[in-house]
Protein chains: 2
Amino acid sequence: MANKKKTTIKDIANVLNISAAAVSKALHNNPRISDKTKKAVLQVAQNLNYQPNHLASALRSGKSKLVGVIVPKTNSNFFSATIHNIEEVLNEKGYNIIITQSNESYKKECANIDALLFTQVDGIIASMANETIDLSHFQKIKDAGIPLITFDRGENDLNVDYIGIDDYESSHKIVNHLVAQDCKRIAHIGGFKRTRIYNNRIKGYIDALKKHNLPLDNELLIESSLTIEDGREKMQQLLNLTKKPDAVYVAGDYAALGALQVLKEQNIKIPEEIALVGFGDEPFSKMVTPPITSVNQHSYKIGRMAANTFLKYAEKDTFKQSLHKQILESALIIRESSNKKPH
Amino acid sequence: MANKKKTTIKDIANVLNISAAAVSKALHNNPRISDKTKKAVLQVAQNLNYQPNHLASALRSGKSKLVGVIVPKTNSNFFSATIHNIEEVLNEKGYNIIITQSNESYKKECANIDALLFTQVDGIIASMANETIDLSHFQKIKDAGIPLITFDRGENDLNVDYIGIDDYESSHKIVNHLVAQDCKRIAHIGGFKRTRIYNNRIKGYIDALKKHNLPLDNELLIESSLTIEDGREKMQQLLNLTKKPDAVYVAGDYAALGALQVLKEQNIKIPEEIALVGFGDEPFSKMVTPPITSVNQHSYKIGRMAANTFLKYAEKDTFKQSLHKQILESALIIRESSNKKPH
DNA sequence: TACATTTGTTTAAACGTTTAAGCAAAGATA
DNA sequence: TATCTTTGCTTAAACGTTTAAACAAATGTA
């Protein structure tokens with residue numbers, strides 16, 4: 001049955017013949033309330049199954065104790081794990097999080113921000129959609145006077161905190177590894193250039209090739225949406241070249257899986273004929289045949305750092321954000337797909 | 001810069017020299033307000049960048065326009081897609097959703113419920129954690145007088161709405177298919193028996209075997225957590241049997257992937273020596289080698305139905321829930337891993 | 001004893017909105 | 001003309017909390 005009347009602070013006050021204010025203070029363990037009263041209040045609260053009305057306290061205090069999280073997709077291991085860690089840190093401090101997904105859509109991202117601001121969140125932790133170029137919707141968050149923390153996919157122009165790995169350096173690690181495997185024609189199926197992290201990976205790839213005096217061939221550098229399907233398509237495109245690559249570095253594990261699939265269908269030996277490297281270290285990467293070399297992005301640390309960065313601002317009653325990057329070193333996990341000489 | 005003062009309904013009223021009540025009504029397009037006033041209010045609201053304070057209106061109206069969603073994990077395609085569809089339906093009706101994940105933990109699920117009730121959500125759409133046996137925390141939701149809609153993982157004892165596929169029947173479809181492939185010793189790596197859906201799959205498996213007069217061998221029926229790792233382990237356990245199975249039906253695609261891995265490592269021909277079937281139709285299932293036969297759970301429809309069921313209650317000011325199941329027929333997607341005779 | 005301080009509470013206003021009730025002015029009815 | 005209805009607004013209370021200010025009683029101080 002629905003619509004029971006909820007117990008309020010006043011009900012408790014009536015039972016004990018004290019004021020609502022006293023009850024509120026007792027519940028907040030105010031030192032000016034006697035232990036006797038506190039005990040009585042707690043007891044009655046329990047008996048009446050009192051549940052504080054968050055809306056009322058949030059309205060009065062101006063703090064909702066809610067933090068919004070915006071991610072492109074929840075069904076990636078990286079984002080799922082990051083969210084989990086954000087939650088763990090924030091729950092401990094009495095915050096709850098509202099997760100929203102943009103599905104890589106700019107429009108959805110705008111809607112998400114509106115919804116979160118509408119809910120009066122105390123801050124937002126976000127990773128941007130692929131589609132996003134214009135940043136004015138993020139400006140709304142800053143205008144609302146609440147902290148905005150970005151991670152993985154951020155933009156310098158926002159002038160806020162950012163937590164992520166060094167994508168440029170990660171590309172170097174990958175190319176270095178492939179060169180050490182005697183690869184000479186290394187292709188890159190990258191993400192969209194307009195997304196900063198993918199652009200950095202591309203830059204890192206290009207610069208690393210230069211460093212090793214490898215020719216930079218335009219047909220070896222392809223932009224992709226990084227879905228499984230697109231990974232297949234772009235791999236096929238590479239195989240259609242007259243001068244095929246001997247290594248392919250894919251900027252995402254899902255697309256790498258698609259690429260792997262195509263290679264196997266065509267009986268191309270991995271890593272002997274073509275070595276394959278992914279990015280993101282999804283759980284399936286170590287489970288497919290052959291296991292795919294990938295880059296671990298420390299979702300654990302990133303989530304915790306993002307949450308702690310928010311908390312830093314939340315404690316202050318006034319603050320000013322500026323571009324402040326916290327960059328973690330990524331870890332290249334070498335597996336069979338690129339390892340020609342196992343120990 | 002932080003902490004700008006926000007524009008309220010009163011600020012608008014002051015500018016126009018009318019009452020706050022008139023502004024509120026104008027914003028809600030109340031027929032008793034003149035068009036002239038409405039236009040003026042809208043104009044001023046825009047100029048002052050007025051954003052309604054959701055907390056205040058929610059407090060006053062008793063409706064937060066927020067719906068809580070609880071899932072075991074967001075990084076599964078099924079749940080991610082379901083959430084997306086729930087969101088789509090609810091957003092259209094002015095609701096926002098708060099996603100929380102239990103990570104299959106009973107404790108976390110309790111915490112999630114507390115957090116959602118604390119946030120004064122207008123209803124909760126939930127799929128239960130594997131660990132959950134005791135249901136008293138869900139009782140809290142009913143006690144709060146808000147609708148509870150369960151999907152995929154529910155329990156009859158809760159006496160609320162449930163939306164899901166027919167797990168029992170799905171097992172029949174799988175066994176029927178495997179029998180048609182001439183399989184005689186069909187194993188089942190199932191989920192935890194205490195979880196209703198997995199129990200139903202197990203029951204369906206057993207009854208289907210009986211129907212086909214196949215022997216029910218206890219060592220062929222294994223309980224698993226259905227992670228990739230556990231899938232590996234349980235597959236190995238089956239391979240260690242003196243009388244190996246000639247088909248394995250795994251109750252989840254992640255575990256099926258682990259099983260596939262082990263089979264391939266040991267050069268067992270799929271599907272000739274052992275046929276493999278998964279459950280859930282994760283995106284990777286059609287991409288691995290060989291592609292895994294699986295069951296599609298209609299996440300699209302389930303999400304929309306769950307959302308619409310909630311809306312049905314939300315519109316009423318009083319309601320009574322009871323066990324009401326909406327069961328969808330699942331779809332068996334036959335792929336190479338179990339298809340001995342392609343067309 | 002007289003005054004100051006501490007303790008434990010109450011009163012009342014506030015947070016920003018919604019809404020029932022009231023009311024004056026304008027328009028309709030007869 | 002007198003009365004009824006409609007229109008367009010205002011007033012004031014309410015939602016459930018928090019909190020500054022006030023205050024009485026108890027305790028401490030000299």
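Reckoned from all heavy atoms, side chains included, excluding hydrogens, waters and symmetry mates. Naming convention: chains lettered A, B, ... in sequence-line order (proteins, then strands); numbering from 1 in each chain.
- Residues His137(B) and Tyr106(B) form a side-chain contact, since some pair of their non-hydrogen atoms from C-beta on lies under 4.5 Å apart.
- A nucleotide of DNA chain D counts as in contact with chain A when one of its atoms lies under 4.0 Å from a heavy atom; the first and last such, 5' to 3', are dG16(D) to dA21(D).
- When heavy atoms are screened at a 4.0 angstrom cut-off, Leu55(A) is found touching no nucleic acid atom at all.
- Contacts between residues 29-53 of chain B and DNA chain C, defined by a heavy-atom separation below 4.0 Å, involve Tyr50(B), Pro52(B), Asn53(B), listed by number.
- Residue whose closest nucleotide on DNA chain D sits further toward the 5' end, between Ala21(B) and Ser61(B): Ala21(B).
- Note on Ser24(B): a base of the nucleic acid sits closer than 4.0 angstrom, heavy atoms only.
- Between the side chain of Thr119(B) and the main chain of Val121(B), no donor-acceptor pair closer than 3.5 Å is present.
- No option in Lys325(B), Gln326(B), Gln321(B) other than Gln321(B) meets the side-chain hydrogen bond (donor to acceptor under 3.5 Å, both in side chains) test with Asp161(B).
- Leu135(A) approaches Asp157(A) most closely through the heavy-atom pair CD1-CB, 4.0 Å.
- Contact annotation: the side chain of Val67(A) never approaches that of Ile98(A) to less than 4.5 Å [non-hydrogen atoms, C-beta and beyond].
- No engagement by His54(B) is indicated, since no non-hydrogen atom pair under 4.0 Å with the nucleic acid exists.
- Under the 4.0 Å criterion applied to side-chain N and carboxylate O atoms, Lys108(A) and Glu87(B) are assigned as salt-bridge partners.
- Atom NZ of Lys140(B) is separated from atom CD1 of Ile146(B) by 12.0 Å, given to the nearest 0.5 angstrom.
- Summary for the helix from dT1(C)-dA30(D) to dA30(C)-dT1(D): the axes at its two ends, each from 5 pairs, differ by 40° when rounded to the nearest 10 degrees.
- Within the 3.5 Å criterion, the main-chain N or O of Ser322(A) finds no donor-acceptor partner in the side chain of Asn159(A).
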Is there a side chain to side chain contact (heavy atoms under 4.5 Å, CB included) between Asn75(B) and Thr74(A)? Walk through the geometry before answering.
CA-CA 6 Å; Asn75(B) 67 341; Thr74(A) 61; over 6 Å; no
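- Atom CD1 of Ile18(B) is separated from atom P of dA24(C) by 20 Å (rounded to the nearest Å).
- You'll find the side chain of Leu66(B) stays beyond 4.5 Å of the side chain of Ile97(B), heavy atoms only.
- Of the residues listed (Glu104(B), Glu131(B), Glu109(B)), the one engaging Arg153(B) in a salt bridge (Lys or Arg N to Asp or Glu O under 4.0 Å) is Glu104(B), and it is the only one.
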